[in-house]
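Labels below follow one simple rule: chain letters A, B, ... track the order of the sequence lines, proteins then strands, and each chain is numbered from 1. Values in this document were obtained by computation on a predicted structure and should not be read as measured data.
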Amino acid sequence: MVRNFVEELKWRGLLHDCIPGTEELLAKESCSGYIGFDPTADSLGVGNLVQVMTLVHFQRAGHKPIALVGGATGMVGDPSGKSQERNLLDEHQLKHNLDCQKRQLEKFLDFNCGSNSAEIVNNFDWFKTFSFLDFIRDVGKHISINYMLAKDSVQNRMGSGMSFTEFSYQLVQGFDFYYLWKNKGVKVQMGGSDQWGNIVTGTELIRRKGSGEAFALTTPLIKKSDGTKFGKSESGNVWLDAAKTSPYRFFQFWLNASDEDAQQYIRIFTLLSKEEVAALENEHLKDPGRRILQNALAKDVTIRVHSESAYLSALEASGILFGKGTTESLSQLSEQDLLSVFEGVPQVEVAKAELEKGFPAVDFLSERTGIFASKGEARKMIAGGGVSINKIRLEDVAYILSGKELLNNKYILVQKGKKNYFLVKVT
RNA sequence: GGGGAGAUAGCCAAGUGGCCAACGGCAACAGACUGUAAAUCUGUCCUCUUCGGAGUUCAUAGGUUCAAAUCCUAUUCUCCCCA
C-alpha cells in the first residue's frame, strides 16, 4: 500500500528540496506529516491547491496527512516572500477565514480511512494558553538570533524594515512543528519552497529542545512560463469558493493555460497517472490547436474542486460563448439554457420601457448598468473595438439601444473584451 | 539622542522654477494575428468629459514667486550609521 511518495512528487515536478533522509523515511514506514495554511482569505485559492495536492498524494502513499490552519500564525503574519510588513487581521475576520478554509480542506482529504485518516488542527489551540514569557523562555532560548537573522525572509527585509512581530514568526511556526512532533508524532513538514526557512527552524527546534529528528520537503513555487505569478486571472485571484470564483470562471482559468503551463499544471493539479499524462501530451502535440491538455486539465480540476455537473455547465457555457455559432446559437437558446449558461456571470436588470425610448449605449453601459466605471471609459472601450452586444461588435460610439436587440425577448448579452460577459435582464 | 539619505501615479523610476498630468520600464486592460495558447505589433493606462476640454495630483501643512513635483519653513513616516 505504501507507494513511494517522493518518487510521485518528483515526476510531477512537485519536489523542490528535502532534508536528507526524508525520502528513505517515507519509503520505509507510514508517517504523519503536515502542511500549514495561512488564513489570509476566506477561501483557498488555486495557489493553495498545490499544497492540498501534496497532502492528497501524501495520503494516497499511505501516510497520515495533517492540515494545520494558522489561527495563531495568522495573527502574526509570515514575512516570507513579502517585501512589506503585513496588516494584522482582526479576530473576527481570522475566525471566519479559518472556518471557511477548514471546510474546503475537508473536501480533498479522507478523514475516515483508518490509521492514515486525515486530520485538521489549529495552532491557536496550543498557543492560546502559552504566555509570552513562557514562550521566550522555553522556545526562544533554543534558537539564536544569529540563526534567525540568517534567514532569507529576514535578510530580504533588512533594507525595508521589519517589526519584531514578523521577525518572531519563524519561531512561532517552528514551535508548531515541535508541538506536533512531540504530541502527535509528526515527523515531516511540507510546504512551499518559501517556507523552507520556517520549516528548518522547526527541525532545529526539535533537535535542540527535543533532541529529536524531523524531516521536511518543499514544493517549488509555481510560476507561469512567462515568469508571472500563478493563480491570477484577469479578474483577480482564482478562488476555490464558487461564490468568489464561479465554476465557469474557474474552468476558464484552467482552459486558458498556455501549452507550456498546461504540461506543468496537469502533473501538479490532477491525479492522472504518469502514463495518462504522457498519452495526453502525445495527443496534444499532434494538434496543439485542439488544446487537449488544457481541456483535460480544466475538466479534472473543475470536477474535483466543484462537481461533475458544475463542469458540464461550464463546458456547455464555454461552447456557446466561444463556439462557432454566434448570434444564431444565442438566439436559439431557451430562456432556461440561457440562464444556466450565464450562471455566475454578472447580471443587471433594466426596465423595458427605458430601452424603448432609446438609450445611448455609452450611458447604458456606464451609468445605468455599471459595466464600465464611467462614460469616458465606456466610450474609449467602444472606440477601441472592445465591446460587443449579443456577440456583435459595437462599431459606433453613438449607438442608441432601442429595445430591439433582445434575446428571448428578455436579455441582452454585453461583452467586454473577448472573455468578459454581462447579462442584462430586461423586464 | 546625534549624523546622513529619502518619500513622485498599482509597482519600479526620471524630473531639481515655466515646454509637467509629469520621460522610461513593468504590471493591467483592449485591438490585430492565432488555437479562448505563446511570441509579436498597436492603442489605453490620475478622475470626469458634451472628446473641445474641465478638475485634482508628486508624504502632510503652510510660505516665497506672475509661475513650484522642483525653492523656504514646520510636521509625519521610512531606511542607514553612531550613541
Side-chain angles (χ1 to χ4, degrees), chain A residues 81-87 154-164 166-167 223-238 246 248-266 280-281 283-299 302 314-326 329 341 345 360-367 370-389 391-400 413-422:
Chain A
K82 300 283 185 301
S83 58
Q84 277 190 341
E85 187 79 11
R86 306 215 296 195
N87 292 323
V154 177
Q155 285 300 312
N156 293 339
R157 289 278 287 278
M158 289 313 258
S160 58
M162 175 185 218
S163 67
F164 175 71
E166 288 194 12
F167 176 62
K223 279 198 288 195
K224 293 200 275 183
S225 51
D226 59 8
T228 58
K229 199 169 179 283
F230 164 78
K232 298 243 184 214
S233 73
E234 313 81 60
S235 38
N237 239 327
V238 179
S246 71
Y248 165 76
R249 278 190 187 284
F250 186 85
F251 176 78
Q252 282 287 323
F253 168 77
W254 297 103
L255 195 63
N256 274 300
S258 68
D259 291 3
E260 228 173 311
D261 290 337
Q263 287 192 29
Q264 186 194 5
Y265 296 169
I266 201 151
L280 283 168
E281 277 174 358
E283 274 285 296
H284 182 88
L285 278 176
K286 283 184 206 152
D287 184 4
R290 284 172 61 204
R291 291 176 302 142
I292 306 260
L293 278 175
Q294 283 90 335
N295 276 292
L297 170 70
K299 174 180 175 180
T302 307
L315 183 68
E316 198 196 347
S318 302
I320 289 162
L321 296 177
F322 294 99
K324 293 272 179 293
T326 51
S329 67
V341 163
V345 162
V362 167
D363 298 17
F364 182 77
L365 295 172
S366 55
E367 285 167 350
I371 292 170
F372 291 96
S374 70
K375 287 196 213 179
E377 197 182 311
R379 178 181 298 273
K380 278 178 194 162
M381 261 304 191
I382 295 172
V387 179
S388 296
I389 285 188
K391 299 224 60 149
I392 299 167
R393 177 169 295 171
L394 201 50
E395 307 276 359
D396 180 9
V397 175
Y399 183 80
I400 297 190
L413 179 68
V414 179
Q415 202 176 346
K416 171 178 158 189
K418 205 181 291 181
K419 298 170 188 171
N420 302 297
Y421 291 91
F422 301 85

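In this structure, A:Lys416 forms a cation-pi arrangement with A:Phe372, its terminal cationic atom sitting closer than 6.0 Å to the ring centre and no more than 45° off the ring axis.
In the model, A:Gln252 has a side-chain atom that pairs as donor or acceptor with a side-chain atom of A:Ser318 under 3.5 Å.
Sequence neighbours left out, the pairs with a member in residues 287-298 of chain A that pass side chain to side chain donor-acceptor pair (under 3.5 Å) are A:Asp259-A:Gln294.
Distances shorter than 4.0 Å separate some side-chain N or O of A:Lys419 from OP1 or OP2 on B:rA37. Applying the 4.0 Å criterion to OP1 and OP2 of B:rU34, one finds that A:Arg291 has every side-chain N and O outside that range.
Contact of A:Lys418 with B:rU34 (side chain to base): a donor-acceptor pair of N or O atoms is detected under 3.5 Å. Side-chain atoms of A:Gln252 and base atoms of B:rU36 include a donor and an acceptor less than 3.5 Å apart. Taking only distance into account, the side chain of A:Asp287 never meets the base of B:rG35 through a donor-acceptor pair shorter than 3.5 Å.
Between the P atoms of B:rA68 and B:rA14, the separation comes to 24 Å (whole Å). Here, B:rG10 and B:rU60 have their P atoms 13 Å apart, quoted to the whole Å.
Of the nucleotides present, B:rG4 is the one that pairs with B:rC79 by Watson-Crick or G-U wobble criteria, both distances under 3.5 Å. In a base pair of the Watson-Crick type (N1 to N3 plus N6-O4 or O6-N4) or a G-U wobble (N1-O2 and O6-N3), with each distance short of 3.5 Å, B:rG35 is matched with no nucleotide. The pairing partner recorded for B:rC48 is B:rG53, the criterion being a Watson-Crick or G-U wobble arrangement whose two distances lie under 3.5 angstrom. Base-pair partner of B:rC58: not found among the strands shown (Watson-Crick or G-U wobble, both distances under 3.5 Å). Base pairing annotation: B:rC23 forms no Watson-Crick or G-U wobble pair, as no partner gives both donor-acceptor distances under 3.5 Å.
Within 4.0 Å of A:Arg393, counting heavy atoms only, lie sugar-phosphate atoms of the nucleic acid but no base atom.
Residue A:Val362 forms a side chain to side chain contact (heavy atoms under 4.5 Å, CB included) with just one option from A:Leu394, A:Ile382, A:Ile400, and that option is A:Ile382.
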At a cut-off of 3.5 Å, list every protein nitrogen or oxygen paired with a nitrogen or oxygen from nucleotides 52-54 of chain B, distance to 0.1 Å.
none

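Side chain of A:Asn420, nearest nucleotide from B:rU49, B:rA30, B:rA37: B:rA30. Counting only heavy atoms from C-beta on, A:Ala373 has its side chain closest to B:rC48 among B:rG31, B:rU36, B:rC48. Ranking B:rU49, B:rU36, B:rC51 by closeness to the A:Arg379 side chain, first place goes to B:rC51. Considering only the side chain of A:Ser374, B:rC48 comes nearest among B:rC48, B:rU36, B:rA30. Side-chain proximity of A:Phe322 to the nucleotides B:rU36, B:rG31, B:rG35 is greatest for B:rU36.
The shortest non-hydrogen separation linking A:Leu255 to A:Ala298 is N-CB, 3.9 Å.
A salt bridge is defined here as a Lys NZ or Arg NE, NH1 or NH2 lying under 4.0 Å from an Asp or Glu carboxylate O, and A:Lys286 with A:Glu283 meets this definition. Salt bridge A:Arg157/A:Glu166: present, at least one basic N to carboxylate O contact under 4.0 Å.
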